[in-house]
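Before any comments, here is the structure.
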Amino acid sequence: MAATSTPPESPEVAMIRVRRNLRYYLDQGFYYLTMAFALAIAITLVWIVIQIGLTAIPAITQFGLGFLTSTTWDPVQNIYGILPQIYGTLVSAIIALVVAVPLGLGIAIFLSEDFLPTYVTTPIAFAIELLAAIPSVVIGLWGIFILIPFLRPFYTFVHRYLGWIPLFGTEPRGNSLLTLGLVLAFMILPLITSISRQTLVSLPPYLRQGAMALGATRWETILRVLIPAGFSGIVGSIMLALGRAMGETMAAAMLVGNSNRINISLLEPGSTIASLIASQFGEAGRDQVAALLYAGLVLMILSLIVNILAEIIIKKFQNVER
Amino acid sequence: MIMTRNPQPTPKVVLQVQNASIFYGSFRAVRDVTMDIYANEVTALIGPSGCGKSTLLRCFNRMNDLVPGARVEGKITYHGKDLYARDVDPVEVRRRIGMVFQKPNPFPKSIYDNVVFGARVNKYKGDFDELLETSLRQAALWDEVKDKLQESGLSLSGGQQQRLCIARAIATKPDVILMDEPCSALDPISTLKIEELIHELKQNYTIVIVTHNMQQATRVSDRTAFFNAEATEQGNRVGYLVEYDHTSVIFNNPKQKATMDYVSGRFG
C-alpha cells in the first residue's frame, strides 16, 4: 500500500500523547488487585495446613509416626492409630480405578472417534459430565437403597464360586470396601472420561492422518499413536480421579460400614480416613479432635503426593505440540 | 494424450482416473477428471487454490474416506484394479500407496519408531535395523540422524522432519508415493533437498506431487496436470482438469489459453 511509505504529514500525528494519571493508576491498581486475588488463594491453602497442623499437635506429639501403623482407635482411653483407615482409603480408591479406568478410557475413545455422528455423541458426553454434578450424599443414598440390594446376588455368587480367593473369602454384607469402591468408580468415571476425551479430541488431526496413510487400521492408530500421544492427559485424568476417590467423604461414610478393622476380604466393611473424620467429628472430645485432624493431615499429604506424581507424569510425557 | 514431442516408449500406467467426480455430501468438489499416471515418473498436479488437486490426490490412497460424506463417482484404478470396489480394503491400499503431507507430521516417538511404524503395523518379518537404515538413506537423512535414532522425531528441523516422513513412507515399501505440497512449509534449502530426493526416488517409485510452486513443478516433474475451478449455478466452485501433458509442453506450449495464462502468471 502506498500509505505505509508516506511519512506523517503533521507533527501532531507523530507525537505520542501523554498518558493521563488516572489511566496509569487504574492500570497499576488492576495489577495489584489481581495479584492480591492470586496470593489470597495460596495463603488460604497454607493457612489451612497450618491451622490443621496446630490443632493436631497434641496427637502428633503423643503418637508420632506410630499413628500410621497402629490399628487401635479407642476414644475411651484416647489411643489412636489409623492403619485400617489408610488401608481402606487406598483399597477402595484402587478398586475404583480398576473399574473406572478401562470403562472411562473406553468411553473416551468411543466418543472421540467418529463411530457415531456428533449429534449422538455430544448428548452422551454431556450426560456423563452431568454425573459429576450429582451430590455425593444422593449417590450415597442411591448406593444404600438401590445398589446394595442390586449387588447382593452378585456378591453371593462371587463368594460362593470365588470364595477360595481371600479377597472374596467372607460372607457378603451390604456395606463393604467393594461397595464403596464400585460407587467411587461411578463417581470418578466422569472425570476420567471427560478429561481423556478432551485430550484425544484435541490431538492434532495430522497424527491420525499420518498413521492411517501408513496403512494402520483404526485400532492400530488409536493404540499406537493416539493414546501414546495423549498419554499425559490420560494419566493426569487418572491421577485426579485417584485424588477424588481418596478424599470422597459422604458416600464413603454412608457405604463403607465404618468398621475399624483390616480385613483382606473386600466383602467386609472397612473404613476410610474421610469416613472416619466425618462419622466421628460431631461428638469428639478435644484429644480425639486432635487425632482426627492428624488423620486429616495424613489424607492431605497422601493427596498431595498423588497430585505431585500427576504433575511429574504429565510433564514427562507432554510430547505433542498443540 | 501422449505427445510425440518426447519420443520414448510409453511407460506402464499405474493409476488410471476415468471420469471421476468427487463429492463431499451433495457438493461436487471435482468433476470429470480423466488421466493416467505412469510408473517411475513424477506427475505434478498444479492449479489455483480450491481447484481440487489435493482432493484428487487424497482419493488415490482413499484418505478421503476419513472425511464424512466424501465419495467418488467414476472410476479410479490402480494397476487395473478399481480402488473403490467393495472388496478393496482401504488399509491395504494405503500400504501400497504412501503419502507425505503438507506439514511434516512425525509421530511424537523416537526417530527409530517413526520409521519402522509402518513396518510394525504391517507385521514386517525382516530386519528392522536394516529397513531403518535403507529407508533413512533413501530419504537422504541417515547421516544426519544415525547417532540419535532414539531422540524424538519432533527434535528435528522442519526439513529433516519432512525427510523423516518420506523415510517413514518408504519403509512401508509402497509402490506409489503421494506428496501433498511437501515443501510448502520448508525453507529453500530444505526444499532443494526434497526436490533432489524426489529425483532419486523416481527410480523406484511412482510419485504424484501437488504443488503451488510452478518452478518446482518444472524442476521435478515429468508430466503436469493443470486444474482450474469454475463457479457452478449453486454458487459453489467445482474443480476440473484443464490440461495434462508432458511438463515441457504444459509450460512452454500449452494447448489451452487458461493453462498459458496460469503458467505465465497471468492468472486472474
Side-chain angles (χ1 to χ4, degrees), chain A residues 108-125 196 198-237 312-322, chain B residues 57-58 60-69 89-110 113-124 151-155 161-162 164-174 176-180 185:
Chain A
I109 291 171
F110 183 76
L111 293 180
S112 63
E113 288 286 313
D114 54 354
F115 290 118
L116 290 176
T118 45
Y119 62 81
V120 181
T121 56
T122 311
I124 294 176
S196 302
Q198 272 314 318
T199 306
L200 292 175
V201 166
S202 63
L203 285 176
Y206 62 73
L207 284 179
R208 171 193 307 276
Q209 293 185 2
M212 298 292 254
L214 289 169
T217 61
R218 186 199 284 273
W219 288 110
E220 285 161 346
T221 304
I222 293 171
L223 294 177
R224 287 171 183 266
V225 176
L226 299 183
I227 288 183
F231 195 67
S232 68
I234 292 167
V235 171
S237 77
I312 292 172
I313 292 173
I314 289 169
K315 286 263 146 43
K316 190 168 183 322
F317 289 96
Q318 191 120 64
N319 49 12
V320 192
E321 25 171 351
R322 296 271 158 79
Chain B
L57 190 77
R58 281 158 180 272
F60 289 150
N61 67 344
R62 296 195 57 173
M63 282 301 280
N64 262 359
D65 291 18
L66 304 187
V67 181
D89 180 2
V91 169
E92 193 57 36
V93 171
R94 294 177 198 134
R95 286 173 189 178
R96 304 292 305 142
I97 305 179
M99 188 162 208
V100 176
F101 294 83
Q102 183 171 1
K103 188 169 173 253
N105 62 345
F107 301 128
K109 296 169 177 281
S110 70
D113 286 339
N114 260 289
V115 177
V116 302
F117 179 89
R120 285 207 172 119
V121 300
N122 293 343
K123 320 269 182 311
Y124 177 67
E151 277 178 38
S152 168
L154 295 170
S155 68
Q161 286 190 10
Q162 194 61 300
L164 178 64
C165 292
I166 293 174
R168 191 174 70 177
I170 293 170
T172 60
K173 302 198 181 295
V176 181
I177 302 177
L178 308 175
M179 298 186 173
D180 190 357

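Here is the naming used below: chain letters follow the sequence lines, and residue numbers restart at 1 for every chain.
- The greatest number of non-hydrogen atom pairs below 4.5 Å with chain A, out of Asp89(B), Val91(B), Asn61(B), is found for Val91(B).
- Using a 4.5 Å cut-off between heavy atoms, Pro106(B) contacts chain A through its backbone alone, with no side-chain atom that close.
- When every heavy atom of Leu214(A) is checked against every heavy atom of Arg95(B), the shortest pair comes out as O-CG, 4.2 Å.
- Leu207(A) places a side-chain heavy atom less than 4.5 Å from the side chain of Pro108(B).
- Gly210(A) approaches Arg168(B) most closely through the heavy-atom pair CA-NH2, 4.2 Å.
- Closest of all the heavy-atom pairs between Met212(A) and Leu66(B) is CE-CD2, 3.4 Å.
- Looking at residues two or more places apart in sequence or on another chain, you find no salt bridge (charged side-chain N to carboxylate O under 4.0 Å, His left out) involving Arg94(B).
- Comparing Met63(B), Arg62(B), Met99(B) by heavy-atom pairs within less than 4.5 Å of chain A, the highest count is held by Met63(B).
- Here the straight-line distance linking atom CD of Gln209(A) with atom CD of Gln102(B) works out to 11.0 Å at 0.5 Å rounding.
- Using a 4.5 Å cut-off between heavy atoms, Phe117(B) touches chain A through its side chain atoms alone.
- With sequence neighbours left out, the salt bridge (charged side-chain N to carboxylate O under 4.0 Å, His left out) criterion links Glu113(A) to Arg208(A), Arg218(A).
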